[in-house]
J.: 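What follows is a structure written as structure tokens; I'll ask about it next.
Ligands are counted one by one from 1 in listed order, and the atoms in each one are counted from 1 as well.
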Amino acid sequence: MNEPNPIVVLKFGGTSVSNLSRWQQILTIVQQRLKQGLRVIIVHSAKSGITNLLEKFAQNLDAALITEIKTSLHQLAKELNVKAQINTQIDKLHQFSQKDTLDAYEIAQVLSFGELMTSLIAYDYLSTQLTLEKLNPKNIFISHTDDNRALATRILSAKCHIKPIELESQCAIMPGFIAADTKGNTVVLGRGGSDTSACSLAVAVNAKRVEIWTDVHGIFSANPHVVPTACLIEKIGYEEAREIAASGGKVLHPRCILPAEQNNIPIHIYNTQDAKAHGTIIKKGYESTSPRVRAINVRHKITLVSMDSMNMWHQAGFMGKIFAVYEKLGLSIDIVVTAQTNVTISLDIADNIISPIILEELHQMLSEFCEVKIIKNCSAVTLVGYRMRALLGEIAPIISSFAEQRIYLTSQSSNDLNTSIVVDEDQADKLQIALHDGLIATHGNQYGFGATWEQLITKQGQKMNKKPTWWQENKDKLIALAQQNSPCYVYHLDTIVYQINQLKKLTSIDKMFFAMKSNSNPEVLKTIHANGVGLEMVSPGEINRVENTLSGIQKDDLLFTPNFAPIQEYQLALDKGLHVTIDNKFILEQYPDVFANQSLILRLDPGHGSGHHKYVRTAGEHSKFGIHHSELVEIKQFCDQHNITIKGLHSHAGSGILEHQNWDRILAYLTEQMQIFTDVTIINMGGGYGITENPYEKGLDMLKLNAIISRYKKQFPKVQFWMEPGRYLVANAGVLLAKVTQTKVKGNSGYIGLETGMNSLIRPALYSAWHNIVNLSKSDKTPEITATIVGPMCETGDILGVDRKLPQTDAGDVFLIANSGAYGFSMASRYNLREPAQEIIFE
Ligand code: LLP
């Protein structure tokens with residue numbers, strides 16, 4: 001009898017199953033494998049975005065979410081030209097929406113629908129081209145009965161064994177993430193569930209390999225969004241791959257590697273969008289054999305607990321007592337370091353629910369044994385590699401250059417595969433870059449890493465015909481402009497119009513106000529207003545600028561949002577008839593006469609800030625902006641007494657935000673407060689819409705943002721929804737041009753000096769902001785040198801970019817600093833009595 005063909009398990013993640021072109025790609029991959037004489041099992045996730053919506057639905061049972069889910073899946077079915085046979089699941093969701101809450105089994109059922117419904121559509125599509133068998137995961141993955149974790153955890157993060165299966169055809173499809181308990185109830189596998197399904201299934205059918213198809217090329221030596229020179233790890237052993245996954249590498253969940261490892265099944269990771277590119281192969285025999293660093297990862301939102309006690313010295317049982325406290329609170333400890341009179345441990349948010357109440361309880365319980373200090377908002381930077389102790393000599397000098405920053409702890413794992421350094425959250429990326437440059441970038445080829453993320457993406461971008469930027473298209477003109485006018489900011493008005501039109505696609509927004517603090521150039525303001533956008537102002541200076549530039553502007557297009565300003569400014573704006581936003585109870589109570597009988601907007605603090613740096617997060621207790629929740633009822637009473645109408649509610653949580661969920665949170669909060677402020681007809685969701693700083697970052701998902709706003713608009717059809725974008729409209733429409741003055745080499749560090757620095761663009765110095773920097777005069781030459789780009793100011797922080805790879809550079813070359821149209825000139829200063837760069841409009 002002939003041996004049956006070997007089996008390969010192909011797993012496709014959420015974005016890989018989201019539209020027609022991805023499914024065409026899947027079909028090609030499957031057909032290729034079949035042609036190679038392999039049998040194929042496809043395991044897939046839910047279409048991207050669906051699981052998030054289902055999670056939210058399971059929490060609030062809001063029927064509006066069902067429409068969003070249905071629309072998204074119908075869209076997929078329409079693209080694939082099949083009927084979406086998903087009524088059973090949608091009806092069940094409607095039934096659930098009638099309930100007050102769901103139990104864990106019902107939540108599991110809701111969550112499973114994402115994979116299930118995607119699978120029904122996928123099966124119909126694939127079976128027009130292939131003979132395909134359906135596998136029911138509930139008949140294959142059965143949860144353990146001897147699991148002693150909490151019931152909800154057993155149901156929502158189930159550990160399973162697998163029933164043996166026989167494939168009847170050459171090709172089969174199975175939704176990942178789903179399993180059953182011994183009674184046949186639906187349970188789910190938790191985070192990274194579909195990867196675990198694929199790897200476990202591969203073990204059950206003794207597959208030749210598992211292929212994980214995702215939207216990145218494989219495992220990289222660092223987070224490419226922070227370190228674009230991160231290299232693809234082409235080959236790696238299981239244990240190191242597991243360490244990378246556990247220390248913050250996002251590509252695979254650590255849990256899925258173990259079953260493959262125990263059964264010696266190779267895992268291949270590939271990019272669905274670049275199917276022919278090399279990926280990562282995890283396999284026995286690919287282990288490192290000499291000391292080397294393989295990857296540097298960062299985990300944010302780490303909480304440290306430092307416990308001091310003289311009593312622990314030479315005392316038996318101290319550790320036992322304190323660890324018992326963590327066990328009692330269900331907190332799982334990540335790193336532990338001990339000294340004679342101190343034990344410090346770290347808690348990772350990925351493994352724990354760390355609420356203020358739990359921390360308070362922890363503090364109280366531990367205080368019985370020791371002095372306790374809790375340090376929040378840290379990040380663990382972890383170096384993963386082989387025989388890390390042997391590399392300490394190389395690592396130490398890089399860390400010591402961070403000596404001025406706080407290093408809370410360093411730790412060495414007992415298996416010698418990782419070293420972790422815990423620092424303040426805003427230092428982590430810098431440390432990651434420095435360690436990567438020092439330990440990996442310089443040794444790249446020697447250690448057998450593959451191409452860098454930059455190289456791979458550029459190639460992919462060329463294949464995808466990524467559009468060049470306006471300044472790339474106009475390089476020669478810009479060089480000529482700089483010869484006459486540098487240092488200068490150059491603004492491209494067509495790009496501003498393009499960006500406005502992008503935001504106009506948010507169909508439920510009734511009115512936009514441009515936050516002119518980001519750029520108050522008169523021509524820029526004229527262009528923005530001519531395209532139907534109002535102005536948001538914060539000072540009399542900005543009001544003057546608008547009045548002098550846009551003489552006929554309607555009062556209704558002007559919004560004044562001051563903060564801790566003198567009372568005269570509020571009076572001025574009210575006298576002029578502008579919309580006025582108040583963000584403090586104090587000022588209302590102190591000056592009731594100014595505000596009596598007025599219609600006002602209140603700026604509320606939604607309790608949680610976001611943004612690219614802690615200085616731009618404008619919500620939460622540590623920010624000076626917005627009114628605290630506890631004061632709202634009192635303010636309402638005060639307003640009623642003084643005949644003040646609260647016509648609108650406003651929130652702005654921060655700047656440079658790329659997660660659409662931010663505005664879901666804001667809108668949920670603001671609309672909820674309409675129960676207190678019943679006259680509200682305006683909800684202003686603020687600004688903060690981020691732009692990508694480099695071509696490798698994922699931008700804000702406008703489609704998802706639109707879906708969110710539309711959901712609230714549907715719920716509150718009479719309310720006007722406003723927004724106040726700043727950066728989004730102008731950042732990439734502006735560049736800073738400056739000529740090279742001098743170059744210098746000092747030891748291992750190279751410097752390139754420009755005519756202007758932090759006096760023109762303070763963002764890198766103030767927020768460590770990353771701006772792409774290009775030597776325009778040599779843009780066709782290959783990068784050969786690494787240098788820090790500095791200005792002529794008397795400050796060590798006068799830096800525009802650190803350790804940039806650039807072509808050989810000469811004095812007089814024209815440098816371009818990209819994306820500097822927002823908060824560039826508007827934040828410039830005359831420090832050192834040096835005039836900042838002048839502003840020019842690109843003709
Ligand atoms: N609305 C309010 C009330 C604001 O305070 C701001 C910005 C905006 C809207 C516009 O935010 P945008 O869409 O531009 O993110 N200098 C920092 C940004 C500070 C933002 C201050 N407020 C930077 O260069 O990143």
J.: Among all the protein's non-hydrogen atoms, which is closest to atom 8 (C) of ligand 1, and how far away is it?
T.: His652 CE1, 3.3 Å
J.: Starting from atom 15 (O) of ligand 1, find the nearest protein heavy-atom neighbour and note its residue, name and distance.
T.: Ser655 OG, 2.4 Å
J.: Who passes salt bridge (charged side-chain N to carboxylate O under 4.0 Å, His left out) against Lys647, sequence neighbours left out?
T.: none
J.: Can you pull out the closest protein heavy atom to atom 5 (O) of ligand 1? Residue, atom name and distance to 0.1 Å, please.
T.: Lys517 NZ, 3.0 Å
J.: Suppose we measure from atom 24 (O) of ligand 1 to each protein heavy atom; which comes out shortest, and what is that distance?
T.: Arg763 NE, 2.6 Å
J.: Classify the side-chain pair Ser623/Asp605 by whether it contains a donor and acceptor separated by less than 3.5 Å.
T.: no
J.: Please determine if Gly726 has a nitrogen or oxygen closer than 3.5 Å to a nitrogen or oxygen of ligand 1.
T.: yes
J.: Considering only heavy atoms of Met827, which atoms of ligand 1 have at least one such atom less than 4.0 Å away?
T.: 16 (N)
J.: Output a table of donor-acceptor pairs, distance under 3.5 Å, between side-chain atoms of residues 535-543 and any protein atom two or more places apart or on a different chain; print 'none' if there are none.
T.:
unit_1	atom_1	unit_2	atom_2	d
Glu536	OE1	Lys517	NZ	3.3
Glu536	OE2	Thr561	OG1	2.9
Ser539	OG	Gly541	N	3.4
Ser539	OG	Glu542	N	3.1
Glu542	OE1	Val538	N	2.9

J.: Could you check atom 17 (C) of ligand 1 against the protein and tell me its nearest heavy-atom contact, residue, atom and distance included?
T.: Tyr767 OH, 3.0 Å
J.: For atom 1 (N) of ligand 1, what is the closest protein heavy atom, and at what distance to 0.1 Å?
T.: Glu724 OE1, 2.6 Å
J.: Given Val298, which partner from the list Val423, Leu431, Val381 fulfils the side chain to side chain contact (heavy atoms under 4.5 Å, CB included) test?
T.: Val381
J.: Hey, is Gly688 one of the residues with a heavy atom under 4.0 angstrom from ligand 1?
T.: yes
J.: Atom 20 (C) of ligand 1: which protein heavy atom is closest, and how many Å away?
T.: Tyr823 OH, 3.5 Å
